[in-house]
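Here's the structure we're looking at; comments come further down.
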Amino acid sequence: MLVRKLRLERAWSQETLAEISGLSVRTIQRIERGAGPSLETRAALAAAFEVDAAIFTEETAMSTSATTSTATTTPAITEAERDALEYVRDIKGFYNHAISYVLANLCIFGAWLVSGSDYPWFLWAAFGWGIGLASHALSVFEIFSLFSPDWERRQIEKRLARQTSRSAR
C-alpha cells in the first residue's frame with residue numbers, strides 16, 4: 001500500500017514506476033496488492049522514490065510508521081486511507097466487470113443476429129451474468145449487506161483471539 005501511495009503522490013502510473021525502477025509492471029501490481037517485495041525489489045523502489053529501503057521492510061512487517069535515514073518522515077498509510085484505497089479498488093473492479101458484461105453481451109447479441117435464430121437465446125446469458133453483476137454491485141456499493149461492519153469486526157476479534165491462544169500454548 002505504501003508503494004501505491006508514494007506512486008500516486010508523484011502522479012506516476014504503474015508503467016512509469018516500472019520504467020524508473022527497472023521492475024516489471026506485474027511486479028509493481030503484485031506489491032500494490034500486498035505481496036512482499038524481495039530485497040532487490042525494495043532497493044529498486046527505494047532508489048525510484050528516493051527513500052530508505054527500510055520503509056518497505058517495515059511496511060511488509062505491518063509497521064504503521066516509517067522514516068528515512070535523512071530524518072524526513074515518509075507518510076504512513078492510515079487506516080482511513082487503506083479503507084479508501086480498498087473501496088476505490090472494489091469500485092474499479094465493479095466497473096471493469098460492468099464493461100466486460102456489456103462488451104461480451106454485445107458480442108453474444110451479434111452472434112445471435114448472425115445465427116438468424118428466432119429464439120432470443122442471448123437473453124439467457126445476459127440474464128445469468130446480470131444476476132452476478134447485480135450481486136457485485138450490491139456488494140461493492142453496500143446497498144444491501146448480510147454482514148455488517150460490526151459483524152466483520154467481531155469475527156476478526158474472534159479469529160485473533162484464537163490465534164493468540166494457540167501461540168500462547
| Is there a path from L138 to I91 through hydrophobic residues (I, L, V, M, F, W, Y) whose side chains come within less than 4.5 Å of each other? | yes
| query | Out of curiosity, I156 CD1 to R154 CZ, how far, rounded to the nearest 0.5 Å? | reply | 11.5 Å
| remark: Correct closest heavy-atom pair for A46 and D52 would be CB-C, 4.0 Å
| field | Hphob cluster co-occupancy, W124 + L106, side-chain heavy atoms under 4.5 angstrom | value | no
| Rounded to the nearest 0.5 Å, what separation is found between the CG atom of L45 and the CD1 atom of I20? | 11.0 Å
| task | Search all heavy atoms of A104 against all heavy atoms of W129 and return the closest pair with its distance. | result | CB-CZ3, 3.1 Å
| query | Mind checking whether Y119 and F109 sit in one hydrophobic cluster, side chains of I, L, V, M, F, W, Y counted as touching below 4.5 Å? | reply | yes
| query | Any side-chain heavy-atom pair from R33 and R30 closer than 4.5 angstrom? | reply | no
| request: Mind checking the CG-CD spacing from L2 to E32? Nearest 0.5 Å is all I need. | output: 10.5 Å
| So, do F94 and S139 sit near enough that their side-chain heavy atoms are less than 4.5 Å apart? | no
| remark: Between the OH atom in Y101 and the CG atom in N105, the distance rounded to the nearest 0.5 Å is 5.0 Å
| request: Please indicate whether W121 has more than 12 foreign heavy atoms, meaning atoms of other residues, nucleotides or ligands, lying under 6.0 Å from its CH2. | output: yes
| Can you tell me if S135 uses its side chain to pair, donor with acceptor, with the backbone of I131 under 3.5 Å? | no
| field | Plane angle bin for F141 and Y95 - parallel if under 30°, tilted between 30 and 60°, otherwise perpendicular | value | tilted
| Test side-chain contact (heavy atoms from CB on, under 4.5 Å) applied to E157 and L160, step by step | CA-CA 5 Å; E157 288 172 356; L160 289 173; 5.8 Å; no
| What are the two closest heavy atoms between D90 and H136, and how far apart are they? | O-NE2, 4.4 Å
| message | With a 3.5 Å distance limit and no angle check, can you tell me whether R10 reaches the backbone of F49 through a side-chain donor-acceptor pair? | response | yes
| field | Point-to-point distance, once rounded to the nearest 0.5 Å, from CD1 of I108 to CG of L103 | value | 11.0 Å
| task | Starting at CD of Q29, measure out to OG1 of T27 and round the result to the nearest 0.5 Å. | result | 9.0 Å
| field | Aromatic plane relationship, F122 with W112 - under 30° parallel, 30 to 60° tilted, over 60° perpendicular | value | tilted
| field | Exercise: identify the closest heavy-atom pair between A44 and S21 | value | CB-O, 3.5 Å
| note | Closest heavy-atom pair, S24 versus A18, reported as atoms and distance to 0.1 Å, is C-CB, 4.0 Å
